[in-house]
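Written below as structure tokens is the structure these notes are about.
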Number of protein chains: 2
Amino acid sequence: MGAKIAKPKPGADAYRLDEQVGFVLRQVSQRHTAIFAERIGCDLTAMQWAVLAKLREIGATSQNQLGRATAMDVATVKGVVDRLRGRGLVDIDSDPDDARRRVVALTDEGMGLVDAHAAAALAISDETLAPLTAAERKTFLALLLKLR
Amino acid sequence: MGAKIAKPKPGADAYRLDEQVGFVLRQVSQRHTAIFAERIGCDLTAMQWAVLAKLREIGATSQNQLGRATAMDVATVKGVVDRLRGRGLVDIDSDPDDARRRVVALTDEGMGLVDAHAAAALAISDETLAPLTAAERKTFLALLLKLR
DNA sequence: GCCGGACCATTTGTACACTAACGATCTTGC
DNA sequence: GCAAGATCGTTAGTGTACAAATGGTCCGGC
């Protein structure tokens with residue numbers, strides 16, 4: 001019995017890295033990052049753009065709130081905000097009502113930059129989804145949102 | 001004309017960060033990373049696991065090939081391999097046929113660890129996709145692969 | 001046999017991403 | 001009022017990621 005067919009190990013041989021969600025997810029993220037870097041046109045990373053875009057949406061906020069709104073760790077947000085501040089795209093002020101808080105706000109230059117590149121940002125999302133049809137994109141996004 | 005309806009800016013106001021693929025993609029990746037860390041059970045990162053699992057699949061290879069097989073930069077693969085080597089899970093030898101190459105191979109311990117945790121790795125993929133039905137998972141994975 | 005171009009590995013520098021620990025500050029319960 | 005606990009920001013440490021520069025090694029053509 002079972003002379004010719006090798007017994008498959010329960011696990012090791014059934015596991016193919018290339019079929020695992022996490023692995024493919026990372027590859028798709030990498031592709032998106034590459035598209036972003038090539039297309040954004042103002043030497044910003046996706047994270048930096050996320051912070052600027054969020055500030056444009058919701059206005060000035062504390063670093064903590066900003067971190068939650070952009071799904072970033074507080075420690076991470078600090079680095080990103082520091083770099084944006086170094087480029088004069090955001091300002092940091094103390095909150096008169098709460099001495100713990102450091103309120104981050106877009107500068108005029110930052111505001112202008114967001115508006116100037118919003119179309120490029122949309123094009124990036126579009127190119128990332130380019131391999132899919134319109135119907136597939138809708139399906140994909142809906143499912144992706146469920147996995148958040 | 002257009003007295004009551006404000007003219008939407010072409011870009012800025014139409015752009016909602018939370019609906020952009022790249023942003024959601026990152027959130028899903030974060031969730032997967034958290035699930036991975038909690039479930040893998042042997043203090044490995046997803047990258048480190050990817051290298052070990054790939055070596056189990058294809059056998060000993062050069063760092064360069066390993067990088068391509070795991071979708072990692074050469075510089076990144078070096079760091080990952082160094083850490084795995086520090087834990088005794090892989091060995092690095094010179095290729096007798098090509099002095100440029102540094103051949104990475106699983107140690108017995110590394111091989112044992114992969115086999116011991118393959119089931120957990122599958123469970124991680126499963127939990128990541130848990131919010132979806134079986135049919136949705138199939139659809140999602142098929143679409144995700146197209147975006148690679 | 002050697003020489004230019006391809007390939008491989010390493011190093012350096014920048015930018016995330018998360019954890020843990022810390023001090024400062026606010027708020028609530030009492 | 002004030003102590004306990006929650007919140008906010010910062011720092012330090014580890015682990016990806018990618019680009020660019022460097023240097024060693026192989027191979028094909030001559």
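Protein chains get the first letters and strands the later ones, always in sequence-line order, with residue 1 at the start of each. Any value given below was found using the heavy atoms of this structure, including those in side chains, with hydrogens, waters and symmetry copies removed. Note that the coordinates shown come from a computational prediction; the quantities given were computed from them, not determined experimentally.
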Gap between atoms CE and C1', on A:Met47 and D:dA17 respectively (whole Å): 12 Å

Estimated bend of the helix from C:dG1-D:dC30 to C:dC30-D:dG1 (axis per five terminal pairs, rounded to 10 degrees): 10°

Rounded interatomic separation in angstrom, taking CG from B:Asp73 and C1' from D:dG15: 14 Å

Given C:dT10, C:dT25, D:dG9, the nucleotide with the shortest approach to the side chain of A:Asn64: D:dG9

Between C:dA17 (P) and B:Leu25 (CG): distance, integer Å: 12 Å

Touch class at under 4.0 angstrom, heavy-atom based, for A:Ala75 against every strand present: base

Donor/acceptor link under 3.5 angstrom from B:Arg100 side chain onto base of C:dC7: yes

Touch class at under 4.0 angstrom, heavy-atom based, for B:Ser62 against every strand present: sugar-phosphate

Distance in angstrom units between A:Asp95 CG and C:dA24 C1', rounded: 15 Å

Contact summary for A:Met72 and A:Val80, nearest pair of heavy atoms: SD-CG2, 4.2 Å

Nucleotide nearest A:Lys78 (side chain, heavy atoms from C-beta), chosen from D:dC8, D:dT10, C:dA9: D:dT10

Whole-Å gap separating P (D:dT10) and CZ (A:Arg102): 5 Å

Atom-to-atom span, CG of B:Asp82 to P of D:dT14 - whole angstrom: 15 Å

